There are 2 protein chains.
Amino acid sequence: MTANATDQSTEEKIKEAARKIFLQKGFAGTKIRDIADEANINIALLNYYFRSKEKLFDAIFDEALAELLSGMFAILNDKSLSFEEKIIKAVNSDIETLKKSPFLPNFVFNELNSKVDKIVQKFPNVLEFDNVHFVEQFNAGVAQGKYRNIHHEHVYACMQGMILQPFIEKSMFCFQHQGKSAEELEVLFIEFVDNHKQIVIDMLLNYLVIR
Amino acid sequence: MTANATDQSTEEKIKEAARKIFLQKGFAGTKIRDIADEANINIALLNYYFRSKEKLFDAIFDEALAELLSGMFAILNDKSLSFEEKIIKAVNSDIETLKKSPFLPNFVFNELNSKVDKIVQKFPNVLEFDNVHFVEQFNAGVAQGKYRNIHHEHVYACMQGMILQPFIEKSMFCFQHQGKSAEELEVLFIEFVDNHKQIVIDMLLNYLVIR
DNA sequence: AATATTTTTAAATACTTGTTTAAATCAAAT
DNA sequence: ATTTGATTTAAACAAGTATTTAAAAATATT
């Protein structure tokens, strides 16, 4: 298998199509024929480039998991930022990521149900809270009386929950605004999540930071 | 088709098994043979009592959607409760519901992606925000300067997001506490969500209610 | 230009899976 | 006891689906 321009292009075409279908329909709901159609290629090519549906899925899933989490964890680990700055940056950057890939959270956390054991091996160090700078800063601030004395897992849960909700429950948002066209709906939704950023930040800091 | 004790029992057995499998694996990921095995019955019985996999799924899904949302909306519509009381009661009751059915949110919101149009018909009145008493109370309070001036959709998004997050990302919680046994993990998780209740309530009221 | 290698295709294969059939079992009614 | 109807079962069916095969086409190498 060489790696000239044509190869890259077909392999990329397959991955792009696979990503689109998998993210919307999940592993079980996706037929490789749908992917082949979306990519305008022969089904046998899927097994030529990737060895099976499962291997192709794994490639997509790994990237999706990284896309969903590594950006946020990079910010939470950035030692040049204060606790408050981390929250502001994480919320803004995460929502920007999700605007580009609204299906990401539903896809990842749904598939994760059946693969908890798998990721334990794959992300050995990155996702452990105790080593994250954000947590150290928060615990130190709690000790100083600067921040409210709760367990750091609640901070993450609240932040992450408020960030993800609009995307996970996007169908509910569509339901609330039924009657609108798909384009109008999209504009409204983007407007909503953009406004949501500041509210999430304010709600977190207002509660966590003792004035 | 009579309705004696035996009938009820088998039909219930099927529904119970179907619920368990569907909630964990979704529609596409569920094989009717898995359901039959779980219920210890013949596959043909599924089509005898329910006419198809899809009809059986619809029965399960409708109940799941109601279980996830109608309890909360009943509270948000209870005119005997103040705005603050509604938040307190909704958070507590919702988390209690989810403790019993942790897969509910992932299941419902994932399947909803492919069925937005369907539910529009099924829940015509219940789920419209504008008619909900909670929203009226909040908007009135905003006008009086009692509550912070944000759009009510953000209030729902924050509350719902913080409530659901532990359950949607339960796999992440398991990841954080790897090494523990399944029983220990369950105890820890329940402890976490129980503590989470008060934090969600405090965070919401602390931000929304202007003192 | 000829050969070898990689890429692509159409078709076949083997397996899964939802549904149906037709017979067997069971329960109630006459 | 026999008949009737409902329930259950094993087996067959038909459609769908992931994967493989073997040949063709395209590309690179000599």
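Lettering follows sequence order; numbering is per chain, from 1. This one's a predicted model, so the numbers in the text were calculated from it and none came from an experiment. These values consider heavy atoms only, across backbone and side chains, with no hydrogens, waters or symmetry-generated copies.
- The separation between Lys55(B) atom NZ and dG18(C) atom C1' is 13 Å, rounded to whole Å.
- Within residues 27-40 of chain A, the residues approached by DNA chain D to less than 4.0 Å at the level of any non-hydrogen atom are Thr30(A), Lys31(A), Ile32(A), Arg33(A), in residue-number order.
- One side chain, Ser101(B) or Glu67(B), offers a donor N or O that lies under 3.5 Å from an acceptor on the other.
- Between Arg51(B) atom CZ and dT21(C) atom P there is a gap of 12 Å when expressed in whole angstrom units.
- In this model, a donor atom of one side chain and an acceptor atom of the other lie less than 3.5 Å apart for Glu153(A) and His177(B).
- Going from atom CG of Asn42(A) over to atom P of dT20(D) covers 14 Å, rounded to whole Å.
- The separation between Leu46(A) atom CG and dT19(D) atom P is 9 Å, rounded to whole Å.
- As judged by a 4.0 angstrom heavy-atom cut-off over every strand, Ile43(A) is placed among the base-contacting residues.
- Taking the six-membered ring where the residue is Trp, the centroids of Phe173(A) and Phe192(A) are separated by under 6.0 Å.
- Regarding contacts with the backbone of dT20(C), every side-chain N or O of Tyr48(B) stays at 4.0 angstrom or more from both OP1 and OP2.
- Taking only side-chain nitrogens and oxygens, Asn47(A) never comes nearer than 4.0 Å to OP1 or OP2 of dT20(D).
- In this structure Asp194(A) satisfies the salt bridge (Lys or Arg N to Asp or Glu O under 4.0 Å) test together with Lys99(A), Lys197(A), sequence neighbours excluded.
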Could you walk me through whether Phe83(A) and Tyr147(A) pass ring pair (Phe, Tyr, Trp, His ring centres under 6.0 Å), step by step? CA-CA 10 Å; Phe83(A) 177 76; Tyr147(A) 304 136; 4.6 Å; yes

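- Distance CD1 (Ile14(A)) to P (dT9(C)): 10 Å, rounded to an integer number of Å.
- Across the protein-nucleic acid pair, Ile41(A) atom CD1 and dA25(D) atom C1' stand 16 Å apart, rounded to whole Å.
- Listed nucleotides dA18(D), dA6(D), dG18(C) differ in distance to Lys53(A); the shortest reach to its side chain belongs to dA18(D).
- What separates CG of Leu45(B) from C1' of dA10(D) is a distance of 12 Å, to the nearest Å.
- For the pair Phe57(B) CZ and dT19(C) P, the computed distance is 14 Å after rounding to whole Å.
- In this view, Phe27(A) and Phe57(A) satisfy the ring-ring contact (aromatic ring centres under 6.0 Å, His included) rule, not counting sequence neighbours.
- The existence of a salt bridge linking Glu63(B) and Arg19(B) is excluded, since no basic side-chain nitrogen approaches an acidic carboxylate oxygen closer than 4.0 Å.
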